[in-house]
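Atom set for the values below is all heavy atoms of this structure, side chains included, hydrogens, waters and symmetry mates excluded.
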Amino acid sequence: RWVFADLDAMKYLLLNHQVWDMRNSGPDLPLRLLSVLNGLVAQNSAHKAFNSRRLHLLGIVKWTLHLMLEAAELYTLGELGCAHAEENSLDKGAMSPARTSEVPPQKSAAASAAYASGWYCEAPLVESTSVGGDPDNALLQGCKTLLRRVLTFMLTPVDLEAIAEAAMYTVSISEKGANSSAERQRQMMAGQSDENDVVEEEKLLPGPVARVYLLRLIEELVVDGVNEIVASGIEKSP
């Protein structure tokens, strides 16, 4: 039942999110803020329409998309950091010298820091996601939910363009994560002693996960638009 009244306070909170040091602080802080924002526009909120318009006025759509893409990149770094941790574990278990990674040292350090800060989410299976399953990434899902609820009451062509651009940008995130995926696959193959071992199913990396959420968002907005057109046509018919 909260009413969003202080525009200035929220404006500075959103503008200053870059100083949160998300890479080292982890996903907990943005998750908490998303929880509050989603509460303002929840379906059971008596003021969801008013709050949605106020948030839209502040540019919440572009801010949420930016947060979503930044989180996807950090999760991709965390995936790479996880691959490095598994690689080191395999090397120590085999009592062999550490293998030389093709990843630059600076990026390797950033990946390890992201992984240590909690920027890691179990990658969903491509098979389950392709048939409509949820990728189960709480932060990216929270961003998508916020966008869905706000745009239900305030949707402009600029918003659709921003969503489409964000979806296209995730392709570059996918390319960044391709090396980590390939590296983990090599490690798992190296750790298999039996050729008849079950091959691991293909998984969806954070970049494609963000793209799935954005494409589903566009689909839901299109369905909403079609339903409104149909409803208005029925009302006008004699």
Open item on the list: How close do Pro135 and Val212 get, counting heavy atoms only, and between which atoms?
Closed with: CG-CG1, 4.4 Å
Task: Minimum side-chain heavy-atom gap Thr76-Leu205 below 4.5 Å - done: no
Open item on the list: If hydrophobic clusters are built by linking Ile, Leu, Val, Met, Phe, Trp and Tyr wherever their side-chain heavy atoms come under 4.5 Å apart, do Met168 and Ile218 end up in the same one?
Closed with: no
- [ ] Kindly compute the distance separating CG (Leu40) from OG (Ser52), expressed to the nearest 0.5 Å.
- [x] 9.0 Å
Open item on the list: Return the SG to CG distance between Cys143 and Leu31, rounded to the nearest 0.5 Å.
Closed with: 8.5 Å
Open item on the list: Are the side chains of Asp136 and Pro124 in contact, using a 4.5 Å heavy-atom criterion?
Closed with: no
TODO: Say whether, by atom type as modelled, one donor and one acceptor occur between the side chain of Asn51 and the main chain of Val41 under 3.5 angstrom.
DONE: no
TODO: Ignoring hydrogens and angles, tell me if any N or O in the side chain of Trp119 forms a donor-acceptor pair with the backbone of Met22 under 3.5 Å.
DONE: yes
TODO: Starting at CZ of Arg149, measure out to OG1 of Thr145 and round the result to the nearest 0.5 Å.
DONE: 6.0 Å
Open item on the list: Can you give me the closest heavy-atom contact between Leu140 and Asn137, atom names plus distance?
Closed with: N-OD1, 3.2 Å
Task: Flag side-chain contact, heavy atom, 4.5 Å: Leu67 against Pro30 - done: yes
Open item on the list: Looking at Lys62, I want to see if its NZ is surrounded by more than 12 non-hydrogen atoms of other residues, nucleotides or ligands under 6.0 Å.
Closed with: no
Task: Atom pair CZ/CG of Arg32 and Leu37 - distance to nearest 0.5 Å - done: 14.5 Å
Open item on the list: With a 4.5 Å cut-off on side-chain heavy atoms, are Ile163 and Leu221 touching?
Closed with: yes
- [ ] Kindly give the heavy-atom pair with the smallest separation between Cys82 and Tyr115, and that separation in Å.
- [x] CB-CE1, 3.7 Å
Open item on the list: Quiz question: by atom type and distance under 3.5 Å, do the side chains of Asp134 and Gln141 form a donor-acceptor pair?
Closed with: yes
Open item on the list: Within the structure provided, determine whether Arg211 and Val171 are in side-chain contact (heavy-atom separation under 4.5 Å).
Closed with: yes
Open item on the list: Under 4.5 Å between side-chain heavy atoms, counting indirect links through other Ile/Leu/Val/Met/Phe/Trp/Tyr residues: same cluster for Leu147 and Leu155 or not?
Closed with: yes
Open item on the list: As a quick check of understanding, evaluate side chain to side chain contact (heavy atoms under 4.5 Å, CB included) for Leu77 and Arg23, giving each step before the final call.
Closed with: CA-CA 9 Å; Leu77 280 175; Arg23 177 175 295 179; 3.8 Å; yes
TODO: Look at atom CZ of Arg148 and say whether more than 12 heavy atoms of other residues, nucleotides or ligands are closer to it than 6.0 Å.
DONE: yes
TODO: Check the pair Glu70, Tyr75 against side chain to side chain donor-acceptor pair (under 3.5 Å), reporting the backbone distance first and the verdict last.
DONE: CA-CA 9 Å; Glu70 186 175 2; Tyr75 277 121; over 6 Å; no
Open item on the list: Let me check something: do Val158 and Trp63 share a hydrophobic cluster, defined by ILVMFWY side-chain heavy atoms less than 4.5 Å apart, either directly or through other members?
Closed with: no
Task: Nearest heavy atoms of Ile173 and Gly207, plus distance in Å - done: CG2-CA, 3.6 Å
- [ ] Test side chain to side chain contact (heavy atoms under 4.5 Å, CB included) on Tyr169 and Leu214 and set out the steps.
- [x] CA-CA 11 Å; Tyr169 181 81; Leu214 290 172; over 6 Å; no
Task: Nearest-0.5 Å distance that lies between atom CG in Leu65 and atom CD1 in Ile60 - done: 10.0 Å
Open item on the list: As a quick check of understanding, evaluate side chain to side chain contact (heavy atoms under 4.5 Å, CB included) for Leu57 and Arg53, giving each step before the final call.
Closed with: CA-CA 6 Å; Leu57 183 64; Arg53 292 185 174 92; over 6 Å; no
Task: Taking every non-hydrogen atom, the tightest pair across Thr156 and His56 - done: CG2-CE1, 4.2 Å
Open item on the list: Please give me the minimum heavy-atom distance between Tyr120 and Glu79, naming the atom from each residue.
Closed with: CE1-OE1, 3.4 Å
TODO: Answer with yes or no whether the hydrophobic clustering places Val223 together with Leu151; edges join I, L, V, M, F, W, Y residues whose side-chain heavy atoms lie under 4.5 Å apart.
DONE: no
Open item on the list: Do Ser35 and Asn38 pair up side chain to side chain, a donor and an acceptor below 3.5 Å, judged on atom types alone?
Closed with: no
Task: Ser45 side chain to Ala42 backbone, donor-acceptor under 3.5 Å - done: no
TODO: Please answer whether the main-chain N or O of Ala114 pairs with a side-chain N or O of Ser117 as donor and acceptor at a distance below 3.5 Å.
DONE: no
Task: Salt bridge Glu127-Lys203, side-chain N to carboxylate O under 4.0 Å - done: no
Open item on the list: Between Glu220 and Lys144, is there a side-chain heavy-atom distance shorter than 4.5 Å?
Closed with: yes
Task: Transitive ILVMFWY side-chain link Val222 to Val230, under 4.5 Å - done: yes
